[in-house]
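Each remark here refers to the structure printed beneath this line.
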Amino acid sequence: METREFGDIELRRVREHVWEIPQEGEMNAPARVLASEALLDHIGDDKTLEQLRNATHLPGIANHAICMPDGHQGYGFPVGGVGATDTTDGCISPGAVGYDINCGVRMMTTNLTYEDLRGHEEELVDALFEAVPSGLGGGGVVKGDAETIEDILARGMRWAVDAGYATDDDLAHCEDEGFRDDARPEFVSQKAKDRGRNQIGSLGSGNHFLEVQRVTDIYRDDVAESFGLEADQIVVLIHCGSRGLGHQTCTDYLRRIEKEHKDLLDDLPDKELAAAPAGSELAEEYYGAMCAAINFAWVNRQLIMHRTREVFADVFDRDWRDMEMRLLYDVAHNIAKKEVHEVDGEERELYVHRKGATRAFPAGRPELPPAYADVGQPVIIPGSMGAGSYVLRGGDRSLDLTFGSTAHGAGRLMSRTKAKQEYWGETVRDELREQEKIYVKAQSGATVAEEAPGVYKDVDEVVRVSDELGIGDKVARTFPVCNIKG
DNA sequence: ATGTCC
């Protein structure tokens, strides 16, 4: 049997791109890593595998704890991790959702071509930077009073439709239709709401960005046609999350777990993996609060998309509807959701934790909107600002292998600290413009250095593994044109 | 990721 050693962890090769940490000791399940040999070299460098093994200690974990091809070390649970736990005798773990609840990405298509845009790059990047609030701290597209924030938390994108920021068509092209009915705003703290109020419609910082891109490659013609994608087309990618509101919500519940469920916490190998027992009051309250934060993040991305439509209308002097600026899909990267999956031949309801992982349901799952019911859902995988991104569709093997999930990005290669030693923001920006015709505008040069293309793994390799495993199939590739960030 | 410390 082929094996690879990483410290005290031995990975056994199951088949191409599938590696297993066998169940032993206090583990409640085996763990699996989905990666090529090349990607394993990166994964082995940090605490990713230790955190993945720790995740198998969660009560009620089904099948395996799974690490996606882009996985890397996170808080308690790997970024790129999927863990499904029983909703009756299992648990729910804020650490396995992540601090940035419903960090996610959406793609908007247009009928513009790269030719239409050439010569307008500078004007467009400046106008987008001006119109879309970004960076750390407050300032959003709308200023929310106490009532508004409650409404957004309870109703998600339905609020945005009523307020004139979204169309019914936008709703129909969003995971969960942009709305979690299980949201319970009363379980989101006042402090979290106060932080969120000034950030409704704001990009934030770090790896969050808005990017205008052009489609460069089509891999599956029929699926691309269903998605409305073609070569040379201009599309817009928006990547952001729930800002201070989600972060505060995660913090609040981690603290409460320490106080109210110390016994379960003491049984886990890492305090950061904190979980509340299924059925407990705290599990119900966290789930309700997390769903509310999820709704907030969807509104956040919707308002940024609304502003983007206005900017395009201004720059190209055309109505955004004439430019057919339609939401392709909005996918969540950091969530837990009650879903029914087959485990050992039995249908069970599970909390599927996807932390830095994307839902990738194939054709036929009842959750899919009518537009994608026969083709599988769009999966959007952003690469770095110098590499571009991919559109995939949920693969037929995803339900068997990953509870219907795939990767969410390229995955970092080095820390932010190391990145700032290696790169200088202005140099990165100038080189991208001169060598690649990519126009970058950011609040902070440090952020550009931290997000330099060289700090990311090869997104092509991540997507190749997803495609070859059959969990997410390649549909199209894009390349950056304009990028704004915090 | 994040008013990068209550």
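Below, read A as the first sequence line, B as the second, and so on, with proteins coming before strands; counting in each chain starts at 1. The structure presented is a predicted model; accordingly, all values stated were derived computationally and were not measured.
Summarising the geometry, the separation between CG on A/L254 and P on B/dC6 is reported as 13 Å, rounded to the nearest angstrom. Atom P of nucleotide B/dT2 and atom CD of A/Q248 are separated by 13 Å, given to the nearest angstrom. Remark: P of B/dT4 and CD of A/Q443 are 17 Å apart, rounded to the nearest angstrom. Rounded to an integer number of Å, the gap from CG of A/D194 to P of B/dT2 is 18 Å. Nucleotide B/dT2 holds its C1' atom 15 Å from the CD atom of A/E272, rounded to whole Å. In this structure, A/R416 atom CZ and B/dT4 atom P are separated by 15 Å, rounded to whole Å. If you measure from atom OH of A/Y99 to atom C1' of B/dT2, you get 9 Å, rounded to the nearest angstrom. As rounded to whole Å, 6 Å separates atom P of B/dT2 from atom CG of A/D100.
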Using the salt bridge (charged side-chain N to carboxylate O under 4.0 Å, His left out) rule, take A/D266 and A/K271 through it: C-alpha gap first, then chi angles, then the decisive distance, then the call. CA-CA 7 Å; A/D266 289 342; A/K271 221 175 93 163; over 6 Å; no
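Within 4.0 Å (heavy atoms only), A/G206 reaches sugar-phosphate atoms of the nucleic acid but no base atom. When heavy atoms are screened at a 4.0 angstrom cut-off, A/E450 is found touching no nucleic acid atom at all. Counting any heavy atom pair closer than 4.0 Å across all strands shown, A/R412 reaches no nucleic acid atom. As judged by a 4.0 angstrom heavy-atom cut-off over every strand, A/T251 is placed among residues making no nucleic acid contact.
If A/R255 and A/R243 are placed on DNA chain B by their nearest nucleotide, the residue sitting closer to the 5' end is A/R243.
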In residues 94-103 of chain A, what donor-acceptor pairs under 3.5 Å come from side-chain atoms, sequence neighbours left out?
| unit_1 | atom_1 | unit_2 | atom_2 | d |
| --- | --- | --- | --- | --- |
| A/D100 | OD1 | A/S242 | N | 2.9 |
| A/D100 | OD1 | A/S242 | OG | 3.4 |
| A/D100 | OD2 | A/H208 | NE2 | 3.3 |
| A/N102 | OD1 | A/R301 | NH2 | 2.8 |
| A/N102 | ND2 | A/I294 | O | 3.0 |

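Remark: A/Y372 pairs with A/H173, A/F227, A/Y329 by the ring-ring contact (aromatic ring centres under 6.0 Å, His included) rule, at least two apart or across chains.
Taking the six-membered ring for Trp and the full ring otherwise, A/Y287 and A/Y351 have centroids separated by under 6.0 Å.
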